[in-house]
Structure formats: C-alpha cells, structure tokens
Amino acid sequence: MLSNLNPSQREAVDCRKNLLIVAGAGTGKTKTIVSKICHYISLGIVMPDEIIATTFTNKATQEMHSRIKSEIGDDVDLISIGTFHRLSLKIVQNHAKLLNIEGCNLIAYEDQAQVMRKVLSNIKNKDIKPSHALETVQRAKEKNDYASLNHTYANIAYAYNDMLREMNALDFADLISKTIELWRNHKDILDHYRKKYKLICVDEYQDINDAQYEWISLLSCDDNQICCVGDPDQSIYSFRGSNMSHILNFTRDFKNSEKIVLEENYRSTDKIISNSNHLISKNKNRIEKFLVSTLKSDELVDIFVGMHGKEEAFEICRIIAKIKSKEEVKSSIALLFRTSTNMHLFEEALLNANIKYSIVGSVQFMDRAEIKDAVSYVRFLSNPNDFFAFSRMIQAPKRGIGSATVAKISENASSNIEDKIRGVLDSFTSRTKNKLSEFLAQWERWRSILSKDLSDSKKLRKIMEIIVNESGLYESLESDRKENVDKWLETLDSFEDPESYVNHILWNNLKADDEHDVKLMTVHAAKGLEFDYVFLPVFEDGIFPHSRSFENIEEERRLAYVALTRAKKKLFITYAQSRVFQGRYMNAQPSRFIREMDSKSLQFQSFKHKTLAGKKVYHEEFGYGTIEESGMQCAKVCFGSVSKVVDIKKLVECD
DNA sequence: GCACGCCGGATTTTT
DNA sequence: TCCGGCGTGC
C-alpha cells in the first residue's frame with residue numbers, strides 16, 4: 001500500500017503527531033488520507049471503530065468510503081465517515097433526551113425560508129428580505145456567535161430559533177451547535193467520544209467554519225490524534241461561513257503538531273501548473289507552496305477572444321466537435337463558469353451543434369415547481385406532521401383551499417395534520433368544509449393503498465402515479481411540466497417507501513448524467529473534479545472576478561486557481577468583447593487574472609476565420625458601414641463614427 | 001381564493 | 001431578459 005506513495009505522502013502516513021497535510025491540487029490528497037487510515041488499521045494502531053473522518057459533501061463521503069473499502073473490505077463500515085452534519089445528527093440522536101429534543105426533524109432548506117418569512121411578518125418588518133435574514137442568521141449560527149448580530153437581527157435569530165423549537169425541527173446549523181452544546185455541558189459525554197475516537201480525520205480543512213472548528217477542538221485531546229487535510233489556496237466558501245484562518249493557524253492551535261506540504265502534481269501538464277502557480281502566487285494570505293507537474297507537454301494554454309458572446313459560444317462548440325472527432329471521443333470535457341446565469345448561451349450553442357451536454361450541480365430539476373409539488377406528497381406521506389409538505393401539497397393543484405384556510409389549520413394545537421384539520425373543520429364555511437372533507441377521504445384512501453402493498457418493491461412509484469393522477473396535479477400541468485413529472489416518477493423506482501425517498505433527497509443530490517457528456521457547471525461545483533479539457537468561458541472582469549467580490553479579490557483568485565487546476569491535458573480561456581448582459585448589450589474587458597498568469601505558457605488566439613475586413617455593408621438599423629473585423633457569427637462594423645459588433649446575418653453586402 | 005400584472009433584482013450554495 | 005414576489009380586483 002505504501003510503495004506507490006511519494007516521500008512526502010509517505011511521511012504524512014507515518015507521522016504520529018497531530019498533522020496538517022497541505023495538499024495542493026492534484027497532489028493525491030485523498031490517496032494519502034486513505035493510506036494513512038488503512039495503514040493505521042493494518043498496524044493495529046487504531047481499530048476501525050476508533051476512527052472518525054469528516055468530509056465536505058455526501059459525495060466525498062461516498063468516495064472516501066469506497067476507496068477505503070477497496071483496501072480493507074467491509075470493516076470500512078465500522079469507521080465513522082460522514083459530513084459534520086451527518087455525524088452530528090447521530091450524536092444528537094443518541095443524546096436527544098439530554099438536549100431536550102423530541103425526535104430530530106430536519107428542516108429542508110426551502111422551509112427555512114418559509115419560517116423566516118413568517119418571523120419577519122410577525123415582527124412586521126418589511127425592509128429585510130427573508131433570504132437575507134436567513135443568510136445572516138445562518139452565518140451567526142455557524143459561528144455560534146449571536147453577539148455579532150445587531151439588535152434587530154439578534155431578535156430575528158431568537159424568533160427564528162423559537163419557531164423551529166415549536167415545530168420540533170432542527171436546521172443544519174443546529175446539528176453542529178447542539179453537538180457542541182452537548183459536549184460543553186456534559187464533560188462525561190465529551191470524554192466518552194474523546195476516548196472512543198483515537199484518530200480524527202478532517203478533509204477540506206480550509207473550508208470549515210467556526211462552529212465546526214470548535215467541534216473538532218472539543219473532540220481533540222492529548223490522548224487522540226488529529227489529521228487535517230486541505231489547501232488554503234482552494235478555500236472558496238467564505239460566503240457561507242468558511243474561515244481559512246483555521247488552516248493557516250493549525251500548528252498554533254493544536255499542540256504537538258506538524259505540517260507536511262504535498263507539491264507534486266499528478267493531474268495537469270506543466271504548462272497548466274505553471275500558469276496556476278503564477279496566478280495564485282499573487283495572493284498574500286496563504287501558505288507558500290509551489291506545485292511541480294510530473295507531466296511535460298508542449299501544449300500551451302489557449303486564450304480565445306470572441307467579438308460577441310454568441311461567437312464565443314459557437315467557437316467553443318467547434319473546438320469541442322474537433323476534439324470529439326479525433327480519437328478522443330472518450331475525453332472528459334467541461335465548461336466551468338463563475339456564475340450559473342452565464343450558462344444559458346452556451347447551452348443553446350451546444351444544443352445547436354448537436355453536442356450532448358449535461359448541467360451538473362445546482363439541483364435545478366428538483367427545484368422546479370411541479371417537482372416540488374409532487375415531492376410534497378411524498379413528504380407528507382412520510383411524515384404526517386410535516387406542515388410545510390401539507391401546505392404545499394394541498395395547494396397543488398388548486399383545490400379551492402388557499403393560504404387563509406391553511407393558516408387557520410396551522411393554528412390548531414394538534415401536531416398530526418389530519419387531526420388539525422378535523423379540529424377546525426366546523427369553523428369553515430360549508431364550501432371549504434366540503435373540500436377539506438373530500439381531501440381527507442382521498443388522503444385516507446391513498447394511505448391505505450400504500451399500507452396494503454407491503455411486499456411491492458415499486459409501491460412508492462405506484463402510489464405516486466395514482467396520487468399524481470387522482471389529485472388532478474398531473475392534469476393541471478402544461479405538457480413540458482408533465483414530462484418532468486414523468487421523469488421524476490421514473491426516479492422513484494428504486495425506493496420502497498416514502499421514508500427512504502425523503503431521506504434520500506435530504507442527504508443526496510439526484511444526479512444522473514452520461515459521463516461522456518460535455519459538463520457545464522460552476523467552478524464551485526467543480527471543486528475536487530478533473531477533466532481532460534477545460535473551457536473557462538466569460539473570463540471577463542466583473543464576471544470573473546465578480547464585480548460584487550472585488551473587495552475579496554483573493555478568494556476570487558483562489559476560485560480562478562481552482563478552475564485552472566481542474567484541467568488535465570488542455571485549458572481554454574475565452575472571453576468576448578461584447579455580450580448581452582441582464583437584457584442589454586455590454587462591452588466587456590478581459591479578466592485581470594489573465595495578466596497575472598504566466599505569459600510563457602499562454603497563447604493568444606483569435607476566432608477570425610475568413611476576413612471580410614474592408615467590405616462595405618448595409619444594416620437595417622444602423623445603415624451603411626465598413627467591416628473592421630469579422631468572425632463566424634458577428635462582425636465589428638464602423639458605422640460613420642461608431643463601431644458596433646453586429647450579427648453577420650443582419651448585414652447585406654454592397655459595392 | 002385565485003388570476004393577473006407590475007416591479008425590482010439578477011454570485012458562488014452544501015449540509 | 002427573465003423570474004419570482006406581492007398587491008389588486010373579481
């Protein structure tokens with residue numbers, strides 16, 4: 001196992017102190033941590049159940065789990081691997097009584113916003129947006145620090161927490177803070193966990209927040225070992241509470257500790273790495289390191305300039321088609337964006353060019369209104385106390401029961417919603433009363449079908465097909481929305497009951513895409529991934545770096561660094577001189593980051609193919625002009641005293 | 001209760 | 001330009 005490690009990786013595996021592994025992009029970070037865990041187990045230094053390992057996402061959990069499994073087999077299941085939240089959930093559940101928590105109902109993200117909306121309307125505050133309030137409160141909860149809030153927000157935070165408590169619900173941040181509360185107030189329980197876990201591993205240490213730091217600090221003691229892995233140059237989540245000062249201060253924070261830096265990159269060519277090094281070296285707040293690529297290549301990093309965004313998209317498609325037409329059908333190709341709103345244009349172009357693509361990340365499918373509606377039925381089947389699910393479901397499709405009726409129902413004290421309805425039934429007008437009774441009867445019938453087919457492995461799908469039709473939801477939708485619901489029904493096949501499905505969507509993102517598809521995603525979503533060919537479109541100042549982050553330029557630079565280091569074979573950076581932005585034409589400037597790259601590894605290209613420069617043309621709107629530059633789609637034309645970039649199809653040639 | 005139209009805003013988002 | 005929230009009027 002150790003034979004295919006390089007010297008620094010091996011040193012990290014052999015180190016018996018508290019350890020920080022600073023692992024640059026593509027330096028075998030996961031390999032090292034997995035080797036360390038397996039090595040410890042094989043030497044008998046720790047038993048599998050004496051290890052706790054935290055990851056950043058559920059996907060990363062699966063990845064670590066499967067890599068350890070391939071080394072040590074089923075013993076992997078004895079190791080506590082998971083995200084902070086999932087591990088905390090287990091701990092909180094184990095000590096629910098002590099924490100005064102009845103059941104541990106996790107609240108879904110969109111319901112948090114709903115709660116916040118209610119809080120704000122209760123205190124009659126119309127100036128603060130719910131999303132903003134939620135963000136602020138969330139940050140404070142993640143820091144475990146309400147003192148940083150001003151008076152108004154502190155009140156909002158307390159009211160929000162009160163309402164969650166009333167609902168018997170926990171949000172994600174609560175999972176962490178409840179665990180901390182437990183450990184702080186009950187030394188015996190903390191000691192139990194400190195003794196239990198001899199080795200604590202933390203992945204993505206550069207992106208932990210203050211609460212998570214406290215969680216780790218409490219668990220770490222003289223009798224156990226902590227091993228954190230991360231890369232301060234890839235800290236890109238400060239907007240949601242990540243605090244990279246923890247990784248910078250590691251050796252100060254943890255006694256008897258060491259730092260090992262991995263700098264040998266096995267992913268990208270030397271040109272890509274030298275470019276990335278150049279860029280990131282402009283940051284001041286970092287741990288100095290210099291990646292060295294093990295792959296020599298003559299291929300430079302290409303920078304393409306388009307006249308217009310449309311041309312940029314069109315030309316990227318041409319390059320992709322060219323790559324695919326060579327023997328490289330199996331190559332992985334990705335377009336990485338600073339903002340997801342920029343993807344549209346490129347989606348369209350890929351569609352036109354007949355290139356298969358998929359959008360990765362943001363749960364767009366699950367975010368669609370009709371899917372949320374359908375899911376709300378499953379949620380209500382799974383939890384008869386889930387008021388949010390109920391209130392969404394009862395109003396989709398429209399049944400003549402609206403928000404006023406729902407609000408009245410919510411006031412009934414009973415926690416079971418069917419009881420709630422029955423309790424207030426008589427206070428409604430006969431019209432509403434009839435509609436509600438009708439619904440109750442229908443719901444009881446659906447529930448009984450569900451409990452009848454105990455042995456059917458596809459019963460969730462079956463019952464949802466019945467519900468979607470009988471409720472009238474399906475009928476109420478337009479045809480493309482119907483198709484979405486059809487697709488969604490297919491995804492239910494692998495679930496037996498509503499509970500397992502609800503559990504699944506809470507912890508996993510549904511993603512099914514072809515691995516040969518061209519991938520479109522944000523740079524954030526691409527963290528941890530790698531592709532043979534990477535395109536960075538819309539590499540323009542104001543977009544990347546984003547104008548709203550100019551004051552946090554180092555994080556933008558890290559984000560660009562993450563983007564650059566995703567590429568294995570070849571990197572294309574593209575931008576356009578003008579594009580439609582928020583509904584209007586804008587002139588664009590290339591990203592300042594291009595100037596910060598290694599000019600020796602860069603190659604400036606142009607999309608111009610056949611030049612029409614000098615030709616006299618006529619344009620419907622702007623009149624007569626002379627072409628200055630031309631591309632495949634657009635041309636820069638001088639009309640009198642002004643130059644404009646226009647669609648080539650709109651030009652008529654004249655003599 | 002609900003449809004419709006106006007207005008404002010438009011970075012990144014997992015757990 | 002496009003989407004979602006909110007207010008109005010039936």
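Naming convention: chains lettered A, B, ... in sequence-line order (proteins, then strands); numbering from 1 in each chain.
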message: Using a strict threshold of under 4.0 Å (side-chain N to carboxylate O), is an ion pair present between A:Glu214 and A:Arg184?
response: yes

message: Please report the distance, rounded to the nearest Å, between CZ in A:Phe56 and P in B:dT15.
response: 8 Å

task: Quick one: list whatever passes side-chain contact (heavy atoms from CB on, under 4.5 Å) with A:Met586, sequence neighbours left out.
output: A:Phe581, A:Arg584

message: Measure CZ/A:Phe337 against C1'/B:dA10 and give the value in whole Å, please.
response: 17 Å

Under the salt bridge (charged side-chain N to carboxylate O under 4.0 Å, His left out) test, residues paired with A:Asp203 that sit two or more places apart: A:Lys29

query: Any side-chain donor-acceptor pair under 3.5 Å between A:Asn552 and A:Ser549?
result: no

message: Using heavy-atom distances to pick each residue's nearest nucleotide on DNA chain B, tell me which of A:Ser549 and A:Phe84 is more 5'.
response: A:Ser549

query: Over how many whole Å does the gap from A:Met343 atom CE to C:dT1 atom P extend?
result: 22 Å

task: Look at A:Thr339 and B:dA10 and indicate whether a side-chain polar atom (N or O) is within less than 4.0 Å of OP1 or OP2.
output: no

message: Under 4.0 Å, counting only non-hydrogen atoms across every strand here, what does A:Arg338 touch: a base, just sugar-phosphate, or nothing?
response: base

- prompt: Between A:Ser591 and A:Phe544, is there a donor-acceptor pair closer than 3.5 Å when you use the side chain of the first and the backbone of the second?
  reply: yes

message: Without decimals, in angstroms, what is the distance between A:Lys59 NZ and B:dT14 P?
response: 11 Å

query: Within the structure shown, what part of the strands sits under 4.0 Å from A:Ser547 by heavy-atom distance: base, sugar-phosphate, or nothing?
result: nothing

message: Of the options B:dT15, B:dA10, B:dT12, whose atoms approach the side-chain atoms of A:Thr57 most closely?
response: B:dT15

task: Let me know the distance between CG of A:Leu345 and C1' of C:dT1, rounded to the nearest Å.
output: 13 Å

- request: Check the surroundings of atom CD in A:Glu438: do more than 12 heavy atoms from other residues, nucleotides or ligands lie under 6.0 Å from it?
  value: no

message: Taking the ring centre of each residue, are A:Phe539 and A:Tyr575 less than 6.0 Å apart?
response: no

field: A:Phe239-B:dT12 aromatic stacking (under 5.5 Å, under 30°)
entry: yes

message: For B:dT13, does the base pair up with any side-chain atom of A:Arg240 as donor and acceptor (N or O, under 3.5 Å, distance only)?
response: no

- request: Write down the distance between NE2 (A:His344) and P (C:dT1), rounded to a whole number of angstrom.
  value: 14 Å

Between B:dT14 (P) and A:Ile208 (CD1): distance, integer Å: 19 Å

field: Separation of B:dT12 P from A:Glu554 CD (nearest whole Å)
entry: 22 Å

- request: Check whether any side-chain nitrogen or oxygen of A:Asn58 sits under 4.0 Å from OP1 or OP2 of B:dT15, and answer yes or no.
  value: yes

Produce the list of close N/O pairs, under 3.5 Å, pairing protein atoms with atoms of nucleotides 1-6 of chain B; give distances to one decimal.
| residue | atom | partner | partner atom | Å |
| --- | --- | --- | --- | --- |
| B:dG1 | OP1 | A:Thr405 | N | 3.4 |
| B:dG1 | OP1 | A:Thr405 | OG1 | 3.2 |
| B:dG1 | OP2 | A:Ala404 | N | 3.1 |
| B:dC2 | OP1 | A:Gly400 | N | 2.8 |

